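Right, one structure below, let's go through it.
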Amino acid sequence: MKVGVIGQGYVGLTITAFAGEFFEVVGFDNNSRIVEQLNKGLSHIEGVADFTLQHLIRSGRYRATNNGSDIADVDLVVIAVPTPLTSDRKPDLGFMDAACKTIGENLKNPVLVINESTSFPGTLRNYIKPAIEKYSKERIEHLYAISPERVDPGRADFNQKNTPRLFAGLTAEASEKTRDFYSKFCDKLVEVSSPEVAEAAKLFENTFRQVNIALVNEFAQIAHSLGISVYETLDAANTKPYGFMKFTPSAGVGGHCIPVDPTYLAAVAEEHGVPATFIRRANEVNLEMSKYVVDRVQSDNGGTLEGKSVLVVGVAYKPNVADIRETAAELVIEHLRARGAVVSWHDEVVGTWNGETSSPLGGAEIAVVVTKHDSVSEADVIASAPYVFDTTGKIKGVHGL
Ligand SMILES: NC(=O)c1ccc[n+]([C@@H]2O[C@H](COP(=O)([O-])OP(=O)(O)OC[C@H]3O[C@@H](n4cnc5c(N)ncnc54)[C@H](O)[C@@H]3O)[C@@H](O)[C@H]2O)c1
């Protein structure tokens with residue numbers, strides 16, 4: 001079987017690496033630089049090693065392309081393109097539309113189309129299927145299914161094999177073929193009754209994280225005002241063996257999922273006349289954490305940051321990855337600069353970002369730790385500035401949430 005994967009980013013390349021062990025995979029990406037690198041066996045994604053790609057290329061089971069006609073004869077297509085928000089924070093299905101166009105214009109025979117991109121309930125049925133049909137020159141009856149991706153880049157304990165996978169087809173035949181495909185490399189498949197349930201479950205999973213993170217971020221502010229340690233209090237609550245799940249405070253949420261997916265759920269809720277006030281407020285609380293952090297740093301430093309040198313340590317949105325999408329570090333830096341601080345940042349995993357490069361760890365008056373990679377030593381962070389504010393809870397004996 002030949003599989004086309006549309007989008008060779010975090011999700012698309014991860015699925016490519018697993019599927020490539022069993023099927024021939026053509027990875028279609030419209031970024032020619034990424035395609036060129038991938039065909040040299042160079043991965044740009046944590047969790048997909050160069051040697052995995054090189055092994056697949058050598059055995060003739062993988063190649064990347066930005067030429068739509070290269071997917072003309074596949075038997076199955078997986079869609080893994082970004083589903084971001086527009087500038088006014090509404091679901092943006094522009095990349096999805098382009099992916100449907102590639103599929104519609106190039107595929108000659110009926111195939112199974114599986115969407116792995118995250119989107120609101122109804123996307124497969126009311127958007128993807130009609131869009132592919134609109135772009136197809138002839139009438140082709142493809143099968144359609146959804147299987148939302150749950151990959152957590154950089155995570156070692158859970159991967160495609162041992163993370164249960166939800167799926168549902170638009171028809172029973174689509175469901176059956178979807179099960180056949182994933183069962184080759186995934187231990188546990190969970191079929192749900194409709195694509196809408198699978199789509200909604202994915203959004204709810206990330207909304208659950210978003211609201212719990214917002215709750216703990218708000219609680220961190222309450223704990224500080226009460227003069228107690230948020231971390232000690234959370235550890236104490238966590239001794240309850242049931243009914244509690246520990247989340248930890250931070251400078252905010254980042255990445256492609258938690259800041260974005262709940263807004264997809266809120267948007268569809270509001271379209272149906274249900275005000276998603278709780279979800280909207282959770283998003284605001286998380287966005288406001290960067291200001292709270294900078295307020296605390298300012299108040300500890302004589303009430304002004306004007307002209308002070310501040311080093312932000314860790315700008316990736318989470319430890320041990322180079323991903324800076326929606327990172328809380330961006331807002332922290334914005335607030336610091338707006339108050340006249342002279343800001344540089346240290347993150348050798350990210351290297352370059354926004355036209356700036358990582359500075360050495362040290363030499364500033366103030367250090368604010370947003371993300372702590374394992375490669376950064378606690379002692380070096382402590383020694384990096386006379387005043388250190390840690391938002392991660394990982395550096396002992398310094399200021400923090
Ligand atoms: N990153 C994660 O951890 C994660 C986890 C679960 C679900 N998701 C979801 O998966 C989807 C993809 O996310 P991602 O993190 O892989 O994004 P990404 O930005 O890492 O990768 C997307 C890739 O698609 C390519 N692309 C964009 N438009 C294209 C098109 N029309 N045709 C072909 N290629 C195109 C881009 O060049 C890029 O390489 C999103 O819906 C996201 O919400 C992401």
Side-chain angles (χ1 to χ4, degrees), residues 4-18 25-39 42-48 64-71 74 77-85 91-107 113-120 123-124 127-128 131-132 135 146-155 158-160 163-167 198-199 201-207 209-210 253-265 316-318 320-327:
V5 180
I6 314 286
Q8 292 286 276
Y10 282 90
V11 168
L13 200 61
T14 305
I15 197 79
T16 292
F18 277 83
V25 179
V26 182
F28 175 86
D29 200 292
N30 56 6
N31 182 326
S32 50
R33 194 185 50 80
I34 289 180
V35 167
E36 206 177 294
Q37 293 290 100
L38 291 174
N39 280 330
L42 301 175
S43 168
H44 60 120
I45 297 300
E46 291 92 7
V48 178
T65 182
N66 56 2
N67 183 351
S69 63
D70 288 340
I71 62 158
V74 299
V77 188
V78 175
I79 302 175
V81 295
T83 44
L85 297 172
D92 176 359
L93 292 190
F95 295 99
M96 185 64 86
D97 188 66
C100 292
K101 190 163 192 271
T102 301
I103 296 168
E105 286 182 348
N106 290 289
L107 264 61
V113 178
I114 304 175
N115 178 37
E116 286 204 12
S117 297
T118 306
S119 188
F120 48 81
T123 301
L124 184 74
Y127 190 90
I128 294 176
I132 291 175
Y135 290 119
I146 168 85
S147 183
E149 181 51 68
R150 288 169 155 170
V151 65
D152 186 5
R155 188 166 192 135
F158 283 102
N159 56 33
Q160 294 284 338
T163 306
R165 182 174 271 282
L166 299 178
F167 73 100
E199 290 165 325
K202 169 71 194 177
L203 292 185
F204 190 70
E205 289 164 19
N206 284 339
T207 304
R209 282 181 62 73
Q210 186 215 39
V253 290
H256 191 37
C257 295
I258 297 170
V260 174
D261 298 356
T263 304
Y264 269 65
L265 187 56
Y317 87 87
K318 68 174 184 178
N320 311 325
V321 299
D323 196 344
I324 40 67
R325 289 179 293 181
E326 308 269 337
T327 173

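When a ligand or atom number is given, it counts from 1 through the structure's own listing order. Quick note: numbers below take in every heavy atom, side chains included, and nothing from hydrogens, waters or symmetry partners. Note that the structure is a prediction, hence the values are computed from the model and not measured.
Listed for the His256 side chain is no donor-acceptor partner under 3.5 Å among the backbone atoms of Asp323. Although no hydrogens or angles enter the test, the distance criterion places a donor-acceptor pair under 3.5 Å between the side chain of Lys202 and the main chain of Glu149. In this structure, Glu46 contributes its side chain and Ala322 its backbone to a donor-acceptor pair below 3.5 Å. Side-chain N or O atoms of Asn39 include one that pairs as donor or acceptor with a backbone N or O of Ala64 at under 3.5 Å. Checked by atom type and distance alone, the side chain of Thr102 pairs as donor or acceptor with a backbone atom of Ala98 at under 3.5 Å. When atom types are taken as modelled, the side chain of Asn206 and the backbone of Asp261 share no donor-acceptor pair closer than 3.5 angstrom. Distance alone, capped at 3.5 Å, places no donor-acceptor pair between the Thr83 side chain and the Ser119 backbone.
Counting only heavy atoms of the protein, atom 38 (C) of ligand 1 lies nearest to Asp29 OD2, 3.4 Å. Of all protein heavy atoms, the one closest to atom 6 (C) of ligand 1 is Glu149 O, 3.2 Å. Of the protein's non-hydrogen atoms, Asn30 OD1, 3.5 Å is the one closest to atom 26 (N) of ligand 1. Here the protein heavy atom with the shortest distance to atom 18 (P) of ligand 1 is Arg325 NH1, 3.6 Å. With hydrogens left out, the protein atom closest to atom 16 (O) of ligand 1 is Val11 N, 2.8 Å, a heavy atom. Ranking protein heavy atoms by distance to atom 21 (O) of ligand 1, first place goes to Gly9 CA, 3.1 Å. Among protein heavy atoms, the minimum distance from atom 5 (C) of ligand 1 is reached at Val151 O, 3.4 Å. With hydrogens left out, the protein atom closest to atom 12 (C) of ligand 1 is Val81 O, 3.4 Å, a heavy atom.
Checked by distance only, ligand 1 and His44 stay at 3.5 Å or farther apart across all their nitrogen or oxygen atoms.
In summary, the atoms of ligand 1 found under 4.0 Å from a heavy atom of Asn31, numbered by their order in the structure, are 37 (O). Shown in contact with Pro82 at under 4.0 Å from a heavy atom are these atoms of ligand 1, numbered in order with element: 19 (O), 22 (C), 24 (O), 27 (C). The ligand atoms of ligand 1 that sit less than 4.0 angstrom from a heavy atom of Ala98 are 31 (N). Contact atoms of ligand 1 toward Thr83: 40 (C), 41 (O), 43 (O) (distance under 4.0 Å to a heavy atom of the residue). Heavy-atom contacts of Phe28 reach the following atoms of ligand 1: 32 (N), 33 (C), 34 (N) (cutoff under 4.0 Å). Atom numbering of ligand 1 starts at 1 in the shown order; those under 4.0 Å from a heavy atom of Ala99 are 31 (N). Close contacts of ligand 1 with Ile34, meaning ligand atoms under 4.0 Å from a residue heavy atom, involve 39 (O).
With a 6.0 Å radius and a threshold of 12 heavy atoms from other residues, nucleotides or ligands, Arg209 has its CZ atom at or below the threshold.
Residue contacts with ligand 1 for Asp152 are absent, since no atom lies close enough (heavy atoms, distance under 4.0 Å). Only the side chain of Cys257 comes within contact range of ligand 1, with a heavy atom under 4.0 Å; no backbone atom does.
For Lys202, the closest heavy-atom approach to ligand 1 falls below 4.0 Å. Heavy atoms of Lys101 come nearer than 4.0 angstrom to ligand 1 in no pair at all. Between Ile6 and ligand 1 there is a heavy-atom distance shorter than 4.0 Å.
Between Phe18 and Asn159 the shortest side-chain heavy-atom distance falls below 4.5 Å. Taking the side chain as every heavy atom from C-beta outward, Ile79 and Ile103 approach each other to under 4.5 Å. Under the 4.5 Å side-chain criterion, counting only non-hydrogen atoms from C-beta, Thr207 is not in contact with Tyr264.
For the residue pair Asn67 / Thr65, no side-chain donor-acceptor distance below 3.5 Å is found, with atom types taken as modelled. For the residue pair Gln160 and Thr14, no side-chain donor N or O sits within less than 3.5 Å of a side-chain acceptor on the partner.
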